Asker: 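Input: one structure, supplied below.
This one's a predicted model, so the numbers in the text were calculated from it and none came from an experiment. The figures that follow rest on heavy atoms only: side chains count, while hydrogens, waters and symmetry mates do not.
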2 protein chains.
Amino acid sequence: MERSGTVDKAVRALEALREGGGSASLAELAARLRMPKATLHRLLASLAAHALVEQDGEGRYRLGVGLIRLGLGAQGLDPVARVAKPELERAARAFGETFFLVAARAGRLVVLDKAEGTGLLRAAPTVGAEVPVDVTASGRLYLAHAPELVGAPCASPAAQRAARRGYDVNEGEWIDGLTVIAAPVLARGSLHGCIACAAAAQSLRGDRHDAAVRHTRDAAERVARALQGDSRR
Amino acid sequence: MERSGTVDKAVRALEALREGGGSASLAELAARLRMPKATLHRLLASLAAHALVEQDGEGRYRLGVGLIRLGLGAQGLDPVARVAKPELERAARAFGETFFLVAARAGRLVVLDKAEGTGLLRAAPTVGAEVPVDVTASGRLYLAHAPELVGAPCASPAAQRAARRGYDVNEGEWIDGLTVIAAPVLARGSLHGCIACAAAAQSLRGDRHDAAVRHTRDAAERVARALQGDSRR
DNA sequence: AACTTCATTCCGGATAATGGAACGCTCTGG
DNA sequence: CCAGAGCGTTCCATTATCCGGAATGAAGTT
């Protein structure tokens with residue numbers, strides 16, 4: 001697959017700017033990316049013309065509002081993310097913990113959206129971040145229902161058990177102290193994503209655990225029903 | 001300011017993909033952008049390598065998850081948007097109408113974030129979209145407090161009146177039937193943005209109008225206080 | 001099996017990206 | 001008050017690489 005070196009460099013600049021957090025000077029960025037200042041400056045000038053990057057009062061560069069428009073556009077055009085958003089917020093408000101949507105895109109599992117809980121101690125996943133397949137509840141549901149979407153040959157016994165039960169639980173396998181409960185969004189015979197509830201392990205004991213399972217499965221089913229009814233593909 | 005033609009074309013492709021809504025084939029995109037298919041294909045190959053675009057099962061292109069990460073990253077890194085988000089949601093939930101955040105970026109007014117109301121008839125601004133300066137409440141507040149940020153020489157009398165009052169109202173000047181109430185976020189002696197409440201004109205009569213003003217000014221003040229306290233610039 | 005339509009690859013030529021060096025500017029400290 | 005360091009920005013000869021019409025191969029469609 002033939003590529004364009006110029007575009008590659010421009011995207012690397014955007015990602016470096018994001019990882020840096022806040023703003024970065026041209027010289028800093030050039031050093032981090034090992035690019036000549038002149039080259040980088042030309043790329044940033046084009047990105048700035050479309051507002052994908054901006055410069056503050058005295059020259060430093062940061063990500064621009066054009067990216068917000070494109071990013072929210074991508075989210076809004078995604079059928080699953082669109083119908084899941086209100087359900088995530090509803091669940092987060094009702095239960096007080098963080099709910100998020102995970103789906104397979106380009107062979108990887110990513111967080112498509114989230115609605116954070118209300119507690120002082122709460123899970124805060126990064127939207128857009130990748131999630132591992134092997135050690136997560138969402139990953140196992142994908143292994144069982146659609147292994148080809150995450151580049152896996154077949155499902156493990158544990159994954160098949162989770163699929164039969166209709167949800168899966170992950171207690172500290174992925175991140176120590178974090179419990180995640182995930183339920184599949186199954187519509188028109190295929191898996192469109194997973195709704196997951198994440199919280200500190202202590203917050204999901206006993207009754208709270210059962211309630212979390214209920215809220216998660218309920219939200220996943222609502223999203224599935226909305227997808228069925230939605231005429232748009 | 002010297003630019004890179006290659007990067008310009010790549011960004012134009014992204015924006016065309018967003019405006020098209022949903023997905024587009026290579027041939028469609030090439031026709032819309034008047035680019036040779038081979039050229040466009042090379043650009044998209046690079047964008048796809050970074051997940052800024054994706055291809056569905058049979059070749060069609062759409063915006064990718066990498067853009068969601070970059071876009072929400074840009075929003076999360078913006079100090080004003082970050083502290084305003086919970087206040088927007090709180091106000092929208094409490095009052096039931098749409099609240100949004102407007103700020104000047106690169107000499108233009110743009111919607112940085114929003115929280116939609118609950119009614120069936122509700123305002124739904126596009127995050128990232130530009131807002132005119134002359135015919136909006138937020139625009140007048142900018143004219144009065146920081147005309148240089150929106151490329152204007154001086155403030156009109158109407159703008160100065162709005163600034164003295166501490167908020168401004170727009171009834172149908174911008175969009176027929178739409179009433180917007182805006183209040184400035186003033187911190188450390190300068191204007192960082194405007195919190196605005198938007199609804200159908202009929203929904204903001206009498207008591208509701210006064211309540212909307214109260215909620216809007218309250219939210220703006222909370223954001224301002226959060227900005228003062230926040231040590232990060 | 002002929003035809004259309006699609007994404008993708010090829011390759012010689014010309015364009016436009018490259019990057020080291022120089023510029024103008026604002027600080028900083030002697 | 002000026003030398004120096006740092007910044008973003010511009011210059012320009014070189015050449016890497018982007019360009020794009022044409023060719024390819026794989027699906028569908030008639």
Asker: Could you pull out all residues at least two apart from A/Pro36 that satisfy side chain to side chain contact (heavy atoms under 4.5 Å, CB included)?
Answerer: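 So A/Pro36 forms a side chain to side chain contact (heavy atoms under 4.5 Å, CB included) with A/Thr39.
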Asker: Looking at A/Asp78 and A/Arg82, does any basic side-chain N land under 4.0 Å from a carboxylate oxygen?
Answerer: no
Asker: Does C/dC6 have its OP1 or OP2 closer than 4.0 Å to a side-chain nitrogen or oxygen of B/Tyr61?
Answerer: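 For C/dC6, neither OP1 nor OP2 has a side-chain N or O of B/Tyr61 closer than 4.0 Å.
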Asker: Do any side-chain nitrogens or oxygens of A/His41 fall under 4.0 Å of OP1 or OP2 in D/dT9?
Answerer: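 Yes, such a contact exists.
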Asker: Would you indicate which nucleotide in D/dG8, C/dT8, C/dC6 comes nearest to any side-chain atom of A/Ala27?
Answerer: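 Closest nucleotide among those given: D/dG8.
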Asker: According to side chain to side chain contact (heavy atoms under 4.5 Å, CB included), who are the partners of B/Ala182, at least two apart in sequence or on a separate chain?
Answerer: B/Ala137, B/Ser138, B/Leu141, B/Ala196
Asker: Using a cutoff of under 3.5 Å, can you pull out all pairs of nitrogen or oxygen atoms linking the protein to nucleotides 24-29 of chain C, with atom names and distances?
Answerer:
none

Asker: Not counting sequence neighbours, which residues clear side chain to side chain contact (heavy atoms under 4.5 Å, CB included) with A/Ala24? List them please.
Answerer: A/Leu17, A/Glu28, A/Leu29, A/Arg32
Asker: Return a table of donor-acceptor pairs under 3.5 angstrom between the side chains of residues 43-57 of chain A and protein atoms on other chains or two or more places apart.
Answerer:
from	atom 1	to	atom 2	distance (Å)
A/Ser46	OG	B/Ser4	N	2.9
A/Ser46	OG	B/Ser4	O	3.0
A/Ser46	OG	B/Asp8	OD1	3.2
A/His50	NE2	B/Asp8	OD1	3.2
A/Glu54	OE1	A/Arg62	NH1	2.9
A/Glu54	OE2	A/Val65	N	3.1
A/Gln55	NE2	A/Gly59	O	3.0
A/Gln55	NE2	A/Tyr61	OH	3.3
A/Asp56	OD1	A/Glu58	N	3.2
A/Asp56	OD1	A/Gly59	N	3.4
A/Asp56	OD1	A/Arg60	N	3.1

Asker: Using five pairs at either end of the helix from C/dA1-D/dT30 to C/dC27-D/dG4, determine the angle between the two local helix axes and round it to 10 degrees.
Answerer: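 Rounded to the nearest 10 degrees, the bend comes out at 40°.
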Asker: Separation of A/Leu44 atom CG from D/dT10 atom P, in whole Å?
Answerer: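 After rounding, the reported distance stands at 13 Å.
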Asker: Can you name the side-chain hydrogen bond (donor to acceptor under 3.5 Å, both in side chains) partners of A/Lys85, sequence neighbours left out?
Answerer: A/Asp113
Asker: Which letter, B, S or -, goes with each nucleotide of nucleotides 18-26 of chain D from 5' to 3', with contact meaning a protein heavy atom under 4.0 Å?
Answerer: SBBB-----
Asker: Who pairs with B/Arg122 by side-chain hydrogen bond (donor to acceptor under 3.5 Å, both in side chains), at least two apart in sequence or on another chain?
Answerer: B/Glu116
Asker: Is the phosphate of C/dT8, meaning OP1 or OP2, less than 4.0 Å from a side-chain N or O of B/Gln55?
Answerer: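 Yes, because at least one side-chain N or O of B/Gln55 sits under 4.0 Å from OP1 or OP2 of C/dT8.
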Asker: Atom CD of A/Glu28 and atom P of D/dC7: how far apart are they, to the nearest Å?
Answerer: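 Those two atoms, CD and P, are 8 Å apart.
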Asker: Could you please spell out the steps behind the side-chain contact (heavy atoms from CB on, under 4.5 Å) verdict for A/Leu227 and A/His192?
Answerer: CA-CA 9 Å; A/Leu227 276 178; A/His192 292 250; 3.9 Å; yes
Asker: Which residues pass the side-chain hydrogen bond (donor to acceptor under 3.5 Å, both in side chains) test with B/Glu130, not counting sequence neighbours?
Answerer: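 side-chain hydrogen bond (donor to acceptor under 3.5 Å, both in side chains) check on B/Glu130 returns B/Arg108.
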Asker: Could you tell me how far apart B/Asp8 (CG) and C/dA17 (C1') are, to the nearest whole angstrom?
Answerer: 13 Å
Asker: Which pairs pass salt bridge (Lys or Arg N to Asp or Glu O under 4.0 Å) with one or both residues in residues 135-150 of chain A, sequence neighbours excluded?
Answerer: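 Pairs touching residues 135-150 of chain A that pass the test: A/Arg140-A/Asp168, A/Arg140-A/Glu173.
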Asker: If the condition is side chain to side chain contact (heavy atoms under 4.5 Å, CB included), which residues does A/Arg18 pass it with, not counting sequence neighbours?
Answerer: A/Leu63, B/Arg69, B/Leu70
